[in-house]
Amino acid sequence: WCGFLLSLLVSPRMVGLRVDFGSLLEPLGFIKVLEWIFSIFVFATCGGFQGETTLLVSCKGVVNKTVTAAFAYPFRLNTVAFSAPDPKRCGGTWTDIYLVGNFSSSAQFFVTLAVLAFLYCIAALVVYIGYKHVYQQSSKFPLTDLAITVITAFLWLVSTFSWATALADIKMSTGASIIPGIEPCKAPGTTCRFAFVTSMKSLNVSVVFGLLNMVLWGGNIWFVYKDTNLHHQSKRISQSP
């Protein structure tokens, strides 16, 4: 995406730089700024998450010992194990316990899209601010911008709902419902109680910003379309007798 625009920027036709920040007050530029900001919030809230789930374990010679499993982006939970309650591992009854699920594909798809959208917004804003005259005179620029906007809006739809589903599964895999599935907790004389799990409010926020990005990119399709020759042609056809 960005490579295509950058290749055009360095072409001989693009040497006439005319800086005009007034483009940011127009819908095309203003929405692009919002898309740029919201993409930052997406990879900041999702990609920067770190948390842990904690149990209280009582077993042979150990009372209410805290055991934790730390997890983070990209949420490969099946590689995260609870720490042993004590050096003797509850008299040998405690074995390594791993969380369930690998949600890295949904998380990485979501964050990668946010990073690509962030980079594309920068490249597009450079064109809007410095080369708007070339953008309006060229047929390739608006059509390319339209194609990328449509594809990105669709990808935001897919990635957001994929990540929202994965987040619901992550909450299940790190919440109190994991206790019945832990075999060492079923050993005679061993009890396990769920203590807490790190708040996932930031991950909930990432889903909200994903939806906002989907709406922004979807709504932006119309404003980009208006600058293409497709719109001009349809307008001329409608005005012809």
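Here, residue 1 is the first one in the sequence, and each next residue gets the next number.
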J.: Go through the structure and list residues passing salt bridge (charged side-chain N to carboxylate O under 4.0 Å, His left out) with Lys60, not counting sequence neighbours.
T.: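 By the salt bridge (charged side-chain N to carboxylate O under 4.0 Å, His left out) rule, Lys60 matches no residue at all.
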J.: Can you check whether Thr54 reaches Val197 side chain to side chain, under 4.5 Å on heavy atoms?
T.: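 No - every pair of side-chain heavy atoms lies 4.5 Å or more apart.
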J.: Under the 3.5 angstrom rule, does the side chain of Thr112 hit a backbone N or O of Phe109 as a donor-acceptor pair?
T.: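 Looks like no, no N/O pair under 3.5 Å.
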J.: Under the side-chain hydrogen bond (donor to acceptor under 3.5 Å, both in side chains) test, which residues partner Glu183, sequence neighbours left out?
T.: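 Checked Glu183 against side-chain hydrogen bond (donor to acceptor under 3.5 Å, both in side chains); matches are Lys186.
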J.: Not counting sequence neighbours, which residues clear side-chain hydrogen bond (donor to acceptor under 3.5 Å, both in side chains) with Asp145? List them please.
T.: Tyr120, Tyr128, Tyr135
J.: Can you tell if the side chain of Thr53 reaches within under 4.5 Å of the side chain of Phe194, non-hydrogen atoms only?
T.: yes
J.: Test of understanding: with side-chain hydrogen bond (donor to acceptor under 3.5 Å, both in side chains), list the residues that count as partners of Lys88, not counting sequence neighbours.
T.: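 If we apply the side-chain hydrogen bond (donor to acceptor under 3.5 Å, both in side chains) test to Lys88, skipping adjacent residues, there are no hits.
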J.: Are Phe141 and Val127 packed together at the side-chain level, in the sense that at least one heavy-atom pair is separated by less than 4.5 angstrom?
T.: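 Yes, side chains in contact.
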J.: Please name the pair of heavy atoms, one in Val67 and one in Ala84, separated by the smallest distance, quoted to 0.1 Å.
T.: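 Here Val67 and Ala84 meet closest at CG1-C, 4.0 Å.
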J.: For residues 82-101, which residue pairs qualify under ring-ring contact (aromatic ring centres under 6.0 Å, His included), counting only residues two or more places apart or in two chains?
T.: none
J.: For Phe43, enumerate each residue passing the side-chain contact (heavy atoms from CB on, under 4.5 Å) test, keeping only those at least two apart in sequence or located in another chain.
T.: Ile40, Val111, Ala114, Val115, Phe118
J.: For Lys32 and Glu26, run salt bridge (Lys or Arg N to Asp or Glu O under 4.0 Å): C-alpha distance rounded to whole Å, both residues' side-chain angles, the deciding distance at 0.1 Å, then the answer.
T.: CA-CA 10 Å; Lys32 192 63 65 180; Glu26 300 175 1; over 6 Å; no
